[in-house]
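Fair warning: this is a prediction, and the values are worked out from it, not measured in the lab. In what follows, chains carry the letters A, B, and so on, assigned in the order in which the sequence lines appear, proteins first and then strands, with residues in each chain numbered from 1.
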Number of protein chains: 2
Amino acid sequence: MSCSLDILGDRWTLLVVRDLMLGRSRFKDFVASPEGIPTNILSDRLERLVTNGIAEQVPLADGAKRFGYRLTDKGRALRPVLESVRDWGLAWEPGTRVLMKPGDA
Amino acid sequence: MSCSLDILGDRWTLLVVRDLMLGRSRFKDFVASPEGIPTNILSDRLERLVTNGIAEQVPLADGAKRFGYRLTDKGRALRPVLESVRDWGLAWEPGTRVLMKPGDA
DNA sequence: AATCATCGCTTGCAAAATGAAAGCAAAATA
DNA sequence: TATTTTGCTTTCATTTTGCAAGCGATGATT
């Protein structure tokens, strides 16, 4: 648990993972999410996700020079964590709404 | 998710919840956990857990003047979160060991 | 081809959170 | 009563956060 929380234990990391799980892959998409992550934090979190093997960089389109981000298997394995956090919020925190639906990506 | 992470999204909160789930209730017990939480942080986290309705204070023994902490229903509802985080760590982070076993408390 | 807007960051800086250590009064223990 | 333990609080240096501005490279437009 402690090791997991060294990686996941902050306000932003799991939100980025959620966006990745929803299929978003580009910097601007993460920035556009309703929570409004600061760009320097996003840079740092993406870098950490990559170094921790949770996400990886991929070329965006054929021959494009930009890159996007995508979850690895290790990253996709976080789905139960995201779902349990979401479900707990829905059940116990009033005014919580769903951004990630059960069947996504 | 964002609302949940406002409460749970840091390195220590879920570790304290885990200790509570294991039945620990006293300040010194949380301090004695192997992760070594600083006492000022522990104070702050216990206070937040109480104000967020995840834990509550209870008299320790009959007529004692000390108080301990205990999970509320809302706090106990975090079990799936703890378990999914633990399971992910076990599966994907090498060198992770189990402190909280499936059948506890 | 030239211009312009967008993208994916980085930098600077103030404010907040963290962590180590020491201190301390009330409670428990001897 | 004397001593130790407990449950914190305080202090302060360091790190992290968050906002804003800036900036070169890419992509789109004309």
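- In this entry the distance linking CG of A:Leu46 with C1' of C:dT10 reads 14 Å, nearest Å.
- When each of B:Arg26 and B:Thr39 is assigned the nucleotide of DNA chain C bearing its nearest heavy atom, the one mapping closer to the 5' terminus is B:Thr39.
- For the pair A:Asp10 CG and C:dT18 P, the interatomic distance rounds to 11 Å; values are reported in whole Å.
- At whole-Å resolution of the value, CD in A:Glu47 and P in C:dG8 are 16 Å apart.
- Between B:Arg24 and B:Asp19 there is a salt bridge, since a side-chain N of the basic residue sits under 4.0 Å from a carboxylate O of the acidic one.
- When each of C:dG19, C:dT18, D:dG18 is scored by its nearest atom to the side-chain atoms of A:Asn40, the top-ranked nucleotide is D:dG18.
- The side chain of B:Arg66 lies closest to C:dA26 when the candidates are C:dA26, C:dC7, C:dG19.
- Proximity of A:Arg45 to the phosphate of D:dT17: a side-chain N or O atom is located under 4.0 Å from OP1 or OP2.
- Rounded to whole angstrom, the span from the CG atom of B:Leu60 across to the P atom of C:dA28 amounts to 9 Å.
- Among the nucleotides C:dT18, D:dC8, D:dG18, the one closest to any side-chain atom of B:Ser43 is D:dC8.
- Salt bridge annotation for B:Asp73-B:Arg76: present, with a cationic side-chain nitrogen under 4.0 angstrom from a carboxylate oxygen.
- The shortest distance between the side-chain N/O atoms of B:Lys28 and the OP1/OP2 oxygens of D:dT6 is below 4.0 Å.
- Ranking D:dG18, C:dA27, C:dT10 by closeness to the A:Trp12 side chain, first place goes to D:dG18.
- A:Ser84 and A:Asp87 share no donor-acceptor pair across their side chains, judged by distance under 3.5 Å alone.
- Residue A:Lys65 places its side chain closer to D:dG27 than to any other of C:dT10, C:dA27, D:dG27.
- One atom, CD1 of A:Ile41, and another, P of C:dT11, lie 15 Å apart when rounded to the nearest Å.
- For B:Arg48 and C:dA16, the CZ to C1' distance is 11 Å, given to the nearest whole Å.
- Looking at the side chain of B:Phe27, the nearest of the listed nucleotides D:dC8, C:dC9, D:dG18 is D:dC8.
- Side-chain polar atoms of A:Asp10 and A:Thr13 form a donor-acceptor pair below 3.5 angstrom.
- Residue A:Phe30 is classed as having no contact, given no heavy-atom separation below 4.0 Å to the nucleic acid.
- B:Leu42 has its CG atom 12 Å from the P atom of C:dG19, to the nearest Å.
- Along DNA chain D, the nucleotide closest to A:Asp44 and the one closest to B:Asp44 are compared, and the more 5′ of them pairs with B:Asp44.
- With A:Trp88 contributing its side chain and B:Lys74 its backbone, the two residues share a donor-acceptor pair below 3.5 Å.
- Of the listed nucleotides (D:dG18, D:dT9, C:dA20), D:dG18 has the atom at the smallest distance from the side chain of A:Pro38.
- Summarising the geometry, the separation between CZ on B:Phe67 and P on C:dA28 is reported as 11 Å, rounded to the nearest angstrom.
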